[in-house]
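Down below is the structure, laid out as structure tokens.
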Amino acid sequence: MNLFENVTEMGHEQVLFCNGKDPDIKAIIAIHDTSLGPAMGATRMLPYVNEAAALKDALRLSRGMTYKAACADIPVGGGKAVIIGNPAYKTDELLYAYGRFVNSLNGRFITGQDVNMTPEDVRKISRETSYVVGVEEKSGGPAPITGWGVFLGLKAAVEFRLKTSNLQGLKVAVQGLGNVGTNVCRHLHENGAKLFVTDISKERTEEIQRLFGATVVEPSEIYGLDVDVLSPCALGGILNSETIPQIKASVIAGAANNQLGEEKADGMMLVEKGILYAPDYVINAGGLINVYNEMIGYNEEKAFKQVRNIYNTLLDIFDRAEKQQITTDAASKQLAEERIANAKNMKKVLVTAGSTNGKS
């Protein structure tokens, strides 16, 4: 990997590496853009195959957070952190050391809970830094509100592509039954959708089958099902040259981050197949909206109003993409970059005005 070439190409402001002994810790914090505010992004812990894979994940996820915040109209920037290691060997000392690493940035980066990190882990990190969200879980954690936002985004996609707001009898394949995927299933079931689900955990699939009457399929079968919607809610990279040719769904709308293996090529392949793709960083913004509101003082009405707007934002993105004959991923980035540019211009105006007022 050409480190500086990749960082420059993706537009990152800063990438930081934490390497420590006693405890042994390797972590990467990627700060993509702080035009709208301090970089926010949760921390995940994974046994990456190598350090280059960890860096790639941090770079892509942090850029996605910039676009996520901008599309959600939240005044924060984009960042992300990864801890390289097996979560089975996670220790309190490692979490404390990581907290000190975050604290050394003096608020330039604010973190929270992601893959293989628990609310208790976040509380331990918070012993060493105040620049962490989700400590108190005032709203019950991010999963319920993220799941609701994904459901609303799925409805918007169905309305745009299938020209119906009625989900009764809609066939939806859900890949990944973690906390968010389970909440998506719950909302779909309550609205009459017919569920087809898969997960590496037999316990989870059996539970969703029992609760919502879902049909359980093998992980390899989920792509080729004759359904209306595919909802990826596991890890990323699952929309690629191998899986896209199998997909029969007209809509892809799910919670997983970085769903496109190769953003431009795979995004265009979806367009060529007539599949409407809801960009992941737009549809799954409920978690960010939730923790941002916890940070500034939780107001449930305000938070839920912002999440409801995911529906309207996606309709705008779908319309842009159709009119300009571009991918929905490109259209969502266009929207985000417009908002970021406006923020930068406003800062310039304020700085100029301040300089002028300061003259004697």
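Heavy atoms only: backbone and side chains are in, while hydrogens, waters and symmetry mates are out. None of these values were measured; they are calculated from a predicted model.
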Exercise. Which residues satisfy the side-chain contact (heavy atoms from CB on, under 4.5 Å) test with R161, sequence neighbours excluded?
Worked result: S250, V251, L276
For this session: Quick one: which residue pairs count as a salt bridge (charged side-chain N to carboxylate O under 4.0 Å, His left out) with a foot in residues 89-110, not counting sequence neighbours?
Result: E13-R108, K90-D121, D92-K124, R100-E128
Can a donor-acceptor pair be found, under 3.5 Å and without considering hydrogens, that links the side chain of [X] to the backbone of [Y]?
X    : Y    : result
D319 : L315 : no
T129 : S126 : no
N183 : N179 : yes
T182 : L177 : yes
D114 : R44  : no
N103 : G99  : no

Exercise. Could you go step by step and tell me if T146 and N290 meet the side chain to side chain contact (heavy atoms under 4.5 Å, CB included) rule?
Worked result: CA-CA 8 Å; T146 301; N290 182 69; over 6 Å; no
For this session: Could you walk me through whether V158 and K155 pass the side chain to side chain contact (heavy atoms under 4.5 Å, CB included) test, one step at a time?
Result: CA-CA 5 Å; V158 167; K155 282 189 67 177; 5.7 Å; no
For this session: Using the side chain to side chain donor-acceptor pair (under 3.5 Å) rule, take Y277 and T327 through it: C-alpha gap first, then chi angles, then the decisive distance, then the call.
Result: CA-CA 8 Å; Y277 168 62; T327 66; over 6 Å; no
More than 12 heavy atoms of other residues, nucleotides or ligands under 6.0 Å from [atom1] of [X]: is that the case?
X    : atom1 : answer
I200 : CD1   : no
Q209 : CD    : yes
N86  : CG    : yes
K305 : NZ    : no

Problem set entry | Cation-pi, F304 ring and K302 (6.0 angstrom, 45 degrees) |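 No - K302 does not lie over the ring of F304 by the 6.0 Å and 45° rule.
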Exercise. Where do M45 and P87 come nearest, in terms of heavy atoms and distance?
Worked result: SD-CA, 3.9 Å
For this session: Evaluate the criterion side chain to side chain contact (heavy atoms under 4.5 Å, CB included) for residue pair I110 and V76; output intermediate values, then yes/no.
Result: CA-CA 10 Å; I110 301 166; V76 296; over 6 Å; no
For this session: Give the ring-plane orientation class for H32 versus H12, where under 30° counts as parallel, over 60° as perpendicular and anything between as tilted.
Result: perpendicular
For this session: Could you check L211 against H189 for side chain to side chain contact (heavy atoms under 4.5 Å, CB included), going step by step and ending with a plain yes or no?
Result: CA-CA 9 Å; L211 291 174; H189 173 70; over 6 Å; no
